[in-house]
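Side-chain atoms are counted along with the backbone in the values below, which use heavy atoms only and exclude waters and symmetry mates. Read the numbers this way: they start at 1 and go in the same order the structure lists the ligands and their atoms. Since this is a predicted model, take the numbers as computed values, not measurements.
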Amino acid sequence: MSTVLIIGAGGVGRVVAHKCVMNADVFSKIVLASRRIESCRAIESELPDGAIEIAQVDADDTVETARLIESIGADIVINVALPYQDLTIMEACLKSGAHYLDTANYEHPDEAKFEYKEQWAKDQAFKDANLMALLGSGFDPGVTNVFCAYAQKHYFDEIHTIDILDCNDGDHGYAFATNFNPEINLREVSSKGRYWEDGKWIETDPMEIKMVWDYPEVGERESYLLYHEEMESLVKHIKGLKRIRFFMTFGESYLTHMKCLENVGMLGIEEVEHNGQKIVPMQFLKTLLPDPSTLGERTVGKTNIGIVASGMKDNKPKKIYIYQVSDHKRCYDEVRSQAVSYTTGVPAVIGARLMCEGAWMKSGVWNMEQFDPDPFMRELNRQGLAWVLKELEG
Ligand code: NDP
């Protein structure tokens, strides 16, 4: 039985808290901490009395975070705050002797660039402390990495190409809103695209490459090539890989709004002077946009995220598609969050569960595809994210 500290009481934090309570056979004590105690209180009030404890913490402060981890005796920290806090929370875990898990890789607040370098650099420190850090245990990154490992283990001698296909067909009824933290989301989709082919990264303009994919249970949708962080670790760990790309669907209205906001400078992350005050346009935009954690109740439709892998098995070409479909309304009925938060929070709890049970426990810093995918794939079916595997022609 383990004590878990969840940091970040946002959309994903809500799902993680609800699901940890549903996994009380492993998590005997659950503490939810965030920058604002009111955010924790709102989630606490949705759960049975005494199911979780709450605390206030500024996770940018390593010492304060380490003190909290020690005071509650946490065995593991699930970091679902923002990517900016990854390094300070990892350091706090090292100081206080707790395992670590997150769902998004480190990003510096002043530069829209995310990479694993600084988190991987802590591998030796985690090994020396006999602690584990599991990076990217959300859906993408997260489940998509596990799908790749599952394909490699059971279906291929060598995987040559992977396309990660992410479709959110949800409708929240607003003209414009983002389904998770607006700052993180808009920084991601307004950046240059990038994919990996024949050993090198190829950069594209934002939204330069698109294709139409027929997503099961959703239909044909335009999908745009983006850079996404799981590709950085997958190119290292999937043998024989020749190309990997990531595609995400966007509706026309979303893209038009985004282009307009970008053209007028509202996506800027540098400070500007406004009426004698310094403001960051992107942060001001976040204040104006609907809070993603309030979208759940209004959102209908489905998400479909998966991977298509092609390669060789027994000297014959092979191609498979593994995907997972979630229904926004069903997620809301279960844990009061829409499917984007749900599909991120559930894998975080599965990752933490496998670590606490010992099925996925090795000291050091690891990515998802470095572990046996089978127990994770079993848990996905048990915990609300049933998946489908299809063999494709050609
Ligand atoms: P939200 O903005 O809804 O929630 C983030 C929470 O973090 C907020 O509630 C905020 O607290 C808290 N927080 C921010 N700064 C601090 C701090 N310094 N100390 C303590 N708490 C802090 O974001 P989401 O829930 O949508 O996303 C959470 C994470 O999940 C992000 O890292 C995001 O990138 C990742 N993600 C990963 C996905 C995947 O598939 N891998 C997909 C979607 C998201 P407060 O309310 O108290 O101010």
Side-chain angles (χ1 to χ4, degrees), residues 5-18 31-44 54-62 64-65 68-69 77-89 92 101-107 109 112 114 119 134-147 164 166 168 177-189 226 228-230 233 246 248 282-283 286-287 289-296 303 305-306 324 326 335-351 367-368 385:
L5 171 63
I6 305 159
I7 302 184
V12 179
R14 163 172 283 107
V15 178
V16 173
H18 278 258
V31 182
L32 172 64
S34 204
R35 191 174 40 189
R36 292 177 301 144
I37 196 76
E38 312 87 75
S39 307
C40 303
R41 260 194 217 111
I43 296 172
E44 184 189 31
I54 59 171
Q56 195 273 325
V57 74
D58 177 3
D60 288 320
D61 185 333
T62 299
E64 186 182 322
T65 309
L68 175 66
I69 298 171
V77 175
I78 300 182
N79 166 18
V80 279
L82 298 177
Y84 315 137
Q85 280 85 47
D86 287 3
L87 299 180
T88 46
I89 300 178
L101 176 150
D102 67 29
T103 66
N105 69 4
Y106 175 67
E107 198 175 337
F114 40 97
Q119 292 184 275
L134 182 61
L135 305 184
S137 190
F139 206 102
D140 47 343
V143 176
T144 49
N145 304 56
V146 175
F147 284 171
I164 301 166
D166 179 331
N168 176 13
T178 62
N179 286 293
F180 64 97
N181 186 283
E183 204 177 323
I184 304 297
N185 185 214
L186 292 167
R187 275 166 69 140
E188 178 177 278
V189 301
L226 298 184
H228 222 242
E229 64 198 59
E230 61 266 53
S233 66
F246 181 97
M248 191 180 269
M282 178 75 98
Q283 287 172 5
K286 179 173 184 260
T287 307
L289 289 176
D291 177 350
S293 65
T294 63
L295 296 178
T303 60
I305 314 174
Q324 196 283 324
S326 284
V335 298
R336 299 207 196 182
S337 276
Q338 33 77 358
V340 176
S341 301
Y342 188 91
T343 55
T344 309
V346 173
V349 176
I350 295 174
N367 291 91
M368 306 287 287
L385 294 175

For a quick test of your reading: what N or O donor-acceptor pairs under 3.5 Å do the side chains of residues 32-44 make, sequence neighbours left out?
residue : atom : partner : partner atom : Å
S34     : OG   : A9      : N            : 3.0
R36     : NH2  : S39     : OG           : 3.4

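The immediate protein surroundings of ligand 1, defined as residues with any heavy atom under 4.0 Å of it, consist of G8, A9, G10, G11, V12, S34, R35, R36, S39, V57, D58, A59, D60, V80, A81, L82, P83, Q85, T103, A104, G138, F139, D140, P141, F180, N181, I184, T344.
Expressed to the nearest 0.5 Å, how far CD1 of I7 lies from CG of L68 amounts to 6.5 Å. For the atom pair CG of L87 and CD of E107, the computed distance is 11.5 Å after rounding to the nearest 0.5 Å.
A donor-acceptor distance shorter than 3.5 angstrom exists from the side chain of E229 to the backbone of N105, with no hydrogens or angles considered.
Between F139 and F147, the angle of the ring planes goes over 60°, which puts this pair in the perpendicular group of the 30/60° scheme.
Considering T65, D86, T103 as possible partners of N79, the one that fulfils the side-chain hydrogen bond (donor to acceptor under 3.5 Å, both in side chains) test is D86.
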